[in-house]
Amino acid sequence: MDGSDCTQATTAFAAPSTGAQTITRAQTLLFAGSVGIISTNIFAPQTLVGLIGPSLGAAASEGGLVSMAALLGYAAGLFFLVPLADLVENRVLVLRMLGTAVLAAAVASVAPSAASLLLVLFALGAASSCIQVLVPVAASMAPPGEDGRVIGDVMSGLMIGILLSRPLASLVADAFGWHAFYGIVAATLALLAILLGFAMPKRRPLAHASYAGLIASLLALLRQEPVLRRRAFTASLAMAGFSVFWTAVALRLAAPPFDLGQKGIALFALVGAGGAAATPLFGRAGDRGWTRPATVACHIVLIAALALAAFAGAARASGAWLPLILMGASAVLLDIGVIGDQTLGRRAVNLLQPKARGRINGLFVGIFFIGGAIGSLLAGLAWAWGGWNAVCAVGALFGVAALVVDWVE
């Protein structure tokens, strides 16, 4: 498939649909809240591993599969479901994906075995990729010249949802159990589907490419753009290190000397989210031409964060606050390194082909979520094999691999 085919396949994302309406402030808030709520399905399992695994009789080495399933499902949705927005009327597509998510969450709330839970979490993650359909719909409803503002407002909801997903899941699971968490998710998603059914306009795609052509165009873009390949690869390595830490840290914090319950783990996750405050700094660094040194710095920070986490996790003295503070500092540093890498990477790939920006972003996000899924899988294996030190070592190796890619580049 040549460049003209790729351009033709992407016109639906840029063109407003027939019957589109100007977005109101209330609709903007609804879209932002929707993507934030939906995003909790992707990251919440990371703090529930310690509860889900034992309750379903899963071995310690299999715990990471719980987190991996949702991440891998989301990546699959980005590659194979989101392109349908160029072929299917967007409101219908979103409502069908949300309906699937409701069903998957409801089944997860009563899942009798680890195998059945993994399947429905994969489906829930894939259906949650409707986030990447909602954002262009919101942009198409924006007044001329204000699409950037609308996208920024909606994406802020996504970021808030990602940051709050882990502490929220921990608090609900502590009060009612992890089964109840997914029951609440199912009810909330059903309510969202009703609200969006009334609020979303019809948005009919204008492209006439086939589904196979759209999927083939993804491979063509990946082949044509070396910057996309490199940045997506380093982002996947950073995300793998991130997932290794966050999948296993709940297990470490529940053990001596920390002995934290789900409420304590929720507060820890909330503190760790503070690293997101550094996001604007990396955006400015990219604007000033500092992408390469800033990216190297992000990967060094990631390695340092995991080294600090290993040191903090080696503590044995019960009741000491310093190890917990150091563990929190490592979480903040880790978030800074990974968010910085993703911010710089997203900026770089957005400068490539404006007419293929939607699919380029889909590829970038999908590839780094595959890295996150691999990290979650390895976290469970590392924890079973060598405990917290092995977890931190595996995470740091991903950071070292990212530095090697930087050096080769």
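Since this is a predicted model, take the numbers as computed values, not measurements. In this chain, residues are counted from 1 in sequence order.
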* To do: For D335 and V332, indicate whether the former's side chain and the latter's backbone hold a donor-acceptor pair under 3.5 Å.
  => no

* **Pairing residues for R292 by the salt bridge (charged side-chain N to carboxylate O under 4.0 Å, His left out) criterion, not counting sequence neighbours** => none

* Between the main-chain N or O of V92 and the side-chain N or O of E89, is there a donor-acceptor pair closer than 3.5 Å? -> yes

* Asked: Looking only at atom types and distance, does a side-chain atom of N41 sit under 3.5 Å from a main-chain N or O of G125, one as donor and one as acceptor?
  -> no

* **Within-4.5 Å side-chain heavy-atom neighbours: I265 and Q262** => yes

* Structure fact -> Taken to the nearest 0.5 Å, the spacing of M327 CE from L260 CG works out to 9.5 Å

* Could you list all the ring pair (Phe, Tyr, Trp, His ring centres under 6.0 Å) pairs where at least one residue sits in residues 284-314, not counting sequence neighbours? => none

* **Main-chain N/O of V244 paired with T247 side-chain donor or acceptor, under 3.5 Å** => no

* Just by distance, do the side chain of N389 and the backbone of G387 share a donor-acceptor pair under 3.5 Å? -> no

* To do: Verify side-chain contact (heavy atoms from CB on, under 4.5 Å) between L81 and M97, making sure each step is shown before the conclusion.
  => CA-CA 9 Å; L81 296 181; M97 293 175 76; 4.0 Å; yes

* Asked: Using 30° and 60° as the class limits, which term best fits the ring planes of F242 and W246: parallel, tilted or perpendicular?
  -> tilted

* Side chain of Q27, backbone of A199: donor and acceptor closer than 3.5 Å? -> yes

* Do the side chains of L48 and V66 get nearer than 4.5 Å, heavy atoms only? -> no

* Asked: Just by modelled atom types, is the S165 backbone N or O under 3.5 Å from a matching donor or acceptor in the T40 side chain?
  -> no

* Under 3.5 Å: donor-acceptor pair, side chain of T47, backbone of R166 -> yes

* Asked: Sub-3.5 Å donor-acceptor pair from the side chain of R316 to the main-chain atoms of P257, do we have one?
  -> no

